[in-house]
Amino acid sequence: MNLSVAEEESAQEIHLPAEIDWQMLDKSKFFFLGAALFSGVSASLYPAVVLKTRQQVAQSQISCMKTAFSMVRHEGFRALYRGFGTSLTGTIPARALYMTALEVTKSNVGTATVRLGLSEATAATLANAAAGLSAAMAAQLVWTPVDVVSQRLMVQGCRNSKLPNASACKYLNGVDAFRKILRTDGPRGLYRGFGISILTYAPSNAVWWASYSIAQRLVWGGVGCYNTKKDDQINNKNGVSTFTPNSKTVMAVQGVSAAMAGGVSALITMPLDTIKTRLQVLDGDENGRRGPTTVGQTVRNLVKEGGWTACYRGLGPRWASMSMSATTMITTYEFLKRLSTKTQEVLTL
């Protein structure tokens with residue numbers, strides 16, 4: 001893959017490692033290593049997800065730090081990992097669905113857009129957006145029930161919640177929560193908020209992957225301009241300066257680009273995520289309405305509690321979580337693809 005950078009009278013090409021597509025992967029290794037690597041990533045970022053969920057169901061605005069200290073003081077450090085077992089169990093099959101849909105769609109759409117005569121940059125952006133959209137929709141079939149159960153466990157013990165008996169342990173564990181939700185609400189209870197989950201995560205993933213593609217080009221452009229001044233790292237061929245980055249530079253650019261894309265995606269989709277969390281966690285009576293909770297009622301209650309800014313409760317933890325998650329996810333994901341290639345030649349950067 002080549003990126004061209006124009007600077008004054010000279011041109012520059014950045015030679016990046018070849019893209020690893022779906023056909024080049026050893027699928028069994030890809031899924032096995034992926035489950036192990038992403039389980040570790042999920043464990044490191046889970047406390048931020050718990051804090052975000054607590055803030056979203058709170059009746060008033062409380063800072064992230066106060067929420068964290070209050071949880072640890074009153075409920076112990078384990079409260080930051082409440083529901084993690086359930087989340088991890090569901091994450092493995094959900095990630096498998098996500099990665100399969102992502103790579104298959106990216107490969108097919110990328111090929112189709114190039115055949116239509118679109119530029120490499122436009123084709124990559126469209127392929128990434130389509131891949132993110134399809135991957136999110138496929139994964140939500142598993143993630144929505146997991147979200148409903150794990151988020152119910154997360155908010156147990158919350159002292160500033162809309163839940164009437166928040167301090168009581170309504171559920172013993174994930175299996176107990178699954179059974180009680182199924183007994184009370186049926187299968188629909190496990191898929192509460194499924195529609196708005198799709199509306200939240202599908203556009204969020206499309207925005208993230210498209211933003212990531214654009215951010216990468218912007219960052220590489222900056223790297224290219226910087227390296228034009230380093231003659232010892234640049235080879236001049238036919239008046240064109242070429243630069244081949246090492247593996248550390250590639251990973252650094254991927255991480256910075258992912259963090260930028262994660263921040264943009266978090267800001268755009270935050271209100272939808274807050275509404276989704278409330279629909280999944282709060283019952284009808286707890287959300288100001290008898291019977292099933294509606295999106296409209298949830299929005300009205302949020303606005304009544306704190307104005308339109310209430311829709312952005314938990315933005316700090318979500319921004320941090322998505323940015324860190326994006327950085328670790330993309331570097332881990334690219335590393336995973338290099339480990340899972342069928343031919344060893346592709347592993348060298």
Side-chain angles (χ1 to χ4, degrees), residues 20 22 24-50 52-53 78 80-107 131-154 171-179 181-182 187 189-194 197-198 200-202 204-205 208-209 258 262 273 276-277 280-281 318 321-322 324-342:
I20 302 171
W22 181 247
M24 300 165 68
L25 295 172
D26 180 334
K27 308 303 186 298
S28 58
K29 188 187 292 185
F30 181 66
F31 289 124
F32 177 77
L33 292 175
L37 289 171
F38 284 111
S39 294
V41 172
S42 297
S44 64
L45 298 173
Y46 194 76
V49 178
V50 175
K52 175 208 58 123
T53 304
R78 291 180 61 184
L80 295 173
Y81 280 90
R82 187 168 285 160
F84 178 67
T86 301
S87 178
L88 183 61
T89 302
T91 293
I92 295 173
R95 283 288 182 191
L97 273 174
Y98 185 94
M99 291 188 294
T100 302
L102 181 74
E103 289 300 325
V104 171
T105 306
K106 189 190 296 185
S107 179
L133 189 71
S134 65
M137 293 179 71
Q140 281 309 309
L141 294 172
V142 177
W143 256 326
T144 297
V146 171
D147 261 354
V148 170
V149 174
S150 61
Q151 286 175 346
R152 293 288 183 100
L153 295 172
M154 286 179 197
Y171 308 113
L172 299 176
N173 49 46
V175 175
D176 183 54
F178 179 85
R179 289 173 178 170
I181 294 170
L182 197 60
L190 293 171
Y191 278 90
R192 179 181 289 179
F194 177 73
S197 292
I198 294 292
T200 301
Y201 291 119
S204 175
N205 272 263
W208 189 92
W209 282 102
D273 187 69
K276 173 195 74 70
T277 301
Q280 291 177 332
V281 173
R318 187 168 189 254
S321 174
M322 285 191 69
M324 289 188 294
S325 175
T327 301
T328 53
M329 186 274 287
I330 201 63
T331 52
T332 302
Y333 188 64
E334 295 294 343
F335 178 64
L336 169 64
K337 291 208 300 185
R338 291 198 298 275
L339 286 178
S340 305
T341 47
K342 294 176 182 177

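Just so it is clear, the values below take in all heavy atoms, side chains as well, and ignore hydrogens, waters and symmetry mates.
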Exercise for the section: May I ask you to decide if Gly83's main-chain N or O and Tyr46's side chain share a donor-acceptor pair within less than 3.5 Å? Expected result: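 Yes: the side chain of Tyr46 pairs with the backbone of Gly83.
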Practice task
Measure from the side-chain N and O atoms of Thr277 to the backbone N and O of Asp273, and report whether any donor-acceptor pair falls under 3.5 Å.
Solution key: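 Yes; at least one donor-acceptor contact below 3.5 Å.
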Just verifying a value: how many Å separate [X] [atom1] and [Y] [atom2], rounded to the nearest 0.5 Å?
X	Y	atom1	atom2	value
Phe31	Asp26	CZ	CG	10.5 Å
Leu25	Thr341	CG	OG1	7.5 Å
Met322	Trp208	CE	CH2	9.0 Å
Ile330	Leu336	CD1	CG	11.0 Å
Ile181	Arg192	CD1	CZ	8.0 Å

Nearest atoms (heavy-atom pairs only) where [X] meets [Y]:
X	Y	answer
Arg152	Val148	CG-O, 2.9 Å
Phe178	Val149	CA-CG2, 4.3 Å
Met154	Thr53	SD-OG1, 3.4 Å
Lys276	Gly193	CG-O, 4.3 Å

For residues 89-100, which side-chain donor-acceptor pairs fall under 3.5 Å, sequence neighbours excluded?
unit_1: Thr89; atom_1: OG1; unit_2: Gly85; atom_2: O; d: 2.8
unit_1: Thr91; atom_1: OG1; unit_2: Ser87; atom_2: O; d: 2.6
unit_1: Tyr98; atom_1: OH; unit_2: Asn205; atom_2: OD1; d: 2.4
unit_1: Tyr98; atom_1: OH; unit_2: Trp209; atom_2: NE1; d: 3.1
unit_1: Thr100; atom_1: OG1; unit_2: Ala96; atom_2: O; d: 2.8

Problem - Those residues that, when tested against Ser204, pass side chain to side chain donor-acceptor pair (under 3.5 Å) (two or more places apart) - result: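 Once residues adjacent in sequence are excluded, the partners of Ser204 under the side chain to side chain donor-acceptor pair (under 3.5 Å) criterion are Ser265.
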Exercise for the section: Report the C-alpha separation of Val50 and Arg82 in whole Å, then their side-chain angles, then the decisive distance to 0.1 Å, and conclude whether the side chain to side chain contact (heavy atoms under 4.5 Å, CB included) test is met. Expected result: CA-CA 8 Å; Val50 175; Arg82 187 168 285 160; 5.7 Å; no
Kindly list each side-chain donor-acceptor pair under 3.5 angstrom involving residues 133-143, sequence neighbours excluded, with atom names and distances?
unit_1: Ser134; atom_1: OG; unit_2: Thr105; atom_2: OG1; d: 2.8
unit_1: Ser134; atom_1: OG; unit_2: Ala130; atom_2: O; d: 3.3
unit_1: Ser134; atom_1: OG; unit_2: Ala131; atom_2: O; d: 3.1
unit_1: Gln140; atom_1: OE1; unit_2: Thr144; atom_2: OG1; d: 2.9

Problem - Asp176: side-chain contact (heavy atoms from CB on, under 4.5 Å) partners, not counting sequence neighbours - result: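 Partners of Asp176 under the side-chain contact (heavy atoms from CB on, under 4.5 Å) test: Tyr171, Leu172, Asn173, Lys180.
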Handout entry: Enclosure of Phe335 CZ (heavy-atom neighbours >12, cutoff 6.0 Å)
Key =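 Not buried by this count: 12 neighbours or fewer within 6.0 Å.
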Indicate every side-chain donor-acceptor pair of residues 32-42 with a distance under 3.5 Å to a residue at least two apart or in another chain.
unit_1: Ser39; atom_1: OG; unit_2: Ala35; atom_2: O; d: 2.6
unit_1: Ser42; atom_1: OG; unit_2: Phe38; atom_2: O; d: 2.9

Handout entry: Qualifying residues under ring-ring contact (aromatic ring centres under 6.0 Å, His included), relative to Tyr191, sequence neighbours excluded
Key =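 For Tyr191, the residues satisfying ring-ring contact (aromatic ring centres under 6.0 Å, His included) (neighbours in sequence not counted) are Phe194.
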